[in-house]
Protein chains: 2
Amino acid sequence: MIDVARLAGVSHQSVSRVVNGSGGVSPEIRERVERAVAQLRYRRHPAARALATNRTFSIGVVSFGLAQYGPSEALAGIAREAQEAGYSTSLTSLLDVDVESMAEAVGHLIDDSVDGIIVLAPVDAALTAMEGVDVDVPLVLFYPGAHAHEQRVVTDEVRGAELATAHLLDLGHPTVHHISGPEGWLGTSARIAGWRLALQARGIEPPATVEGDWTAAGGAGCAEQLSVVPDVSAVFAANDQMALGAMKAFNAAGLSVPDDISVVGFDDIPGSEYFRPPLTTVRFDFAEVGRRAAHHIFELIAGARPDPARPVVPDLIVRDSARHRPLAVI
Amino acid sequence: MIDVARLAGVSHQSVSRVVNGSGGVSPEIRERVERAVAQLRYRRHPAARALATNRTFSIGVVSFGLAQYGPSEALAGIAREAQEAGYSTSLTSLLDVDVESMAEAVGHLIDDSVDGIIVLAPVDAALTAMEGVDVDVPLVLFYPGAHAHEQRVVTDEVRGAELATAHLLDLGHPTVHHISGPEGWLGTSARIAGWRLALQARGIEPPATVEGDWTAAGGAGCAEQLSVVPDVSAVFAANDQMALGAMKAFNAAGLSVPDDISVVGFDDIPGSEYFRPPLTTVRFDFAEVGRRAAHHIFELIAGARPDPARPVVPDLIVRDSARHRPLAVI
DNA sequence: CAGAGAGGTACCACGATATTG
DNA sequence: ACAATATCGTGGTACCTCTCT
């Protein structure tokens, strides 16, 4: 910068003003500085800037399960929004979701003195860990539940699960069984809650859930358990992978989907339209969720009112894996 | 840091030595400093450090197609490896893969003065863009081809495609048709090359390819085209999504997979084992690729010999979507 | 007189503030 | 009042010097 100042024949401070557009610079000097900047290919030094301003213009993301569809989409959304706002995105990957590694990951980011933190790890541990860790940095959590909160970006998965379950009930099924996600995930409880709500709204007592692990193999295992339960005609799986595995297992057990048994998934992962049968499922715009989270963080950084954003809403995508309840065998 | 020095009754320089473990500090002073550090919860300031050392201890990643299975896995690997090495990972998401946005993304990262850049965008444009952009920062490209190079981490997708094609030929199919990825992707050419190689090794003239777009819908479209071509009995799809779509389309056309037609995919995405039929495919350990890329960058940063790493090798995962060629109809 | 441990000083590249023209 | 400059502070590290065995 001093080189630029020298070449333009001004003080480095004037250069700073021009570069940051802070005004109070005569057109003539601005012109001279800009020429010098171009000539020297000057780029400002973020570290020095950070040192002087105590702002890094970077946000940190704590992620877990990046290989999952939702989180990776959301991450792309975050990165995009951050880029447009002139922020850089610093990524931390969680090895485990216990409180300790959460705290460590957040600590890492704080050490990097990020201006804000987005926690993209929708697990219970994240919530409790964040209560323990006392952070003086703006922080936003992805929250797949229903409760708005100034530190959360909410995807209303409760509503999504309700939609899926209600759809099956509307098709005439007397009840709906649920293949849930693994314990410890916020999405698991949210989807269970929505499923319960939909059943109870019609006075139906929710049957026991079967716990999967988000994978197709897990879903298949759950379906095997369900296929020996009498009167199972409709199943809501907590994600598409498990729905895929479940459909396969039902078929292997001699139960045709959707003729004998209806299945609805959750996520609308790429390809779910091409499953056999095409999967009826619930779609969220996860990239939008990411963008909102980033936007929210920027407002918090700017000290703005933390406006708890309306939740991102789901869409039910009706395809062929769920049909009217089979007629009773005569 | 000066506070720590004051509390410990030493010079700030000694504190620096202790914090960085540069040695030359007496045990007694080290002890005093460490106590002071703990008491004051001192954490060093990365911006100041960066300013003084001209190193940021962060690497930049230029990504494209994060929603795809391979890249997102690789990204997780990178983040992990970086974390262990004490680096932070700065993520830039590409809007488009033309030369211009590549250059812009890299420019962003350079503005952030990262110590190294990993380009996780396996497209032709990345290659050409990188030739144009003159970067004085260590840079590593993901390269899904076969040519080792000091700036590349190679996944030998040519070999993977050969494996897939040879498997089909070994099953007795007279030739193998290929549903390729879209033009402009390095993986597309690599997989075409491998497929050609395997055919030519047996003196078979490669038939025309059908170009897809990585999606299941695209794969289905390609399969529709192929199903009217006579004598198509084996198809190698450039990724699992397209294979999924293709299998569906073949079935819709009255062609059973694998009885009438064999299909092999590429990637081994989660769930491919639960497709109907379970998909025979080619697996790469993309997380490992990510880890290697990060490791490679660190060596380059350290000024080490750029040892062109051996490529990551594929595994053929044999499942049920490919069988012996159907007997000729009598 | 080495050599090791400790301290002192300059500097990194910028922004904020006060001061000068 | 306004534009431009000088000076200082930011939190570290690099390098040189000094002291004391």
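Just so we're on the same page: letters track the sequence lines, and every chain starts at 1.
- Side-chain atoms of A:Asn54 and A:Arg49 include no donor-acceptor pair closer than 3.5 Å.
- Residue-level contact check: B:Val10 touches the backbone only, with heavy atoms under 4.0 Å from sugar-phosphate atoms and none from bases.
- For C:dG15, its base sits under 3.5 Å from the side chain of A:His12 at one donor and acceptor pair at least.
- Ring centroids of B:Tyr69 and B:Trp214 are separated by 6.0 Å or more, keeping the two rings apart.
- Taking atom CG on A:Asp3 and atom P on C:dC14, their separation rounds to 9 Å, with Å as the unit.
- In this structure a side-chain-to-backbone donor-acceptor pair under 3.5 Å is present from A:Ser101 to A:Asp96.
- Two residues, B:Ala48 and B:Gln13, neighbour DNA chain D, and the one matched to the more 5' nucleotide by heavy-atom proximity is B:Ala48.
- Which of D:dT13, C:dC14, C:dA6 sits closest to the side chain of B:Ile29 comes down to C:dA6.
- No contact: B:Asn54 has no heavy atom under 4.0 Å from any strand.
- The separation between B:Leu51 atom CG and C:dC12 atom C1' is 4 Å, rounded to whole Å.
- Checked by atom type and distance alone, the side chain of B:Ser90 never pairs as donor or acceptor with a backbone atom of B:Ile59 at under 3.5 Å.
- Evaluation of atom-type donor-acceptor distances gives a pair under 3.5 Å for the side chain of A:Arg17 against the base of D:dT5.
- Closest to the side chain of B:Arg49, from the set C:dC14, D:dT5, D:dG12, is D:dG12.
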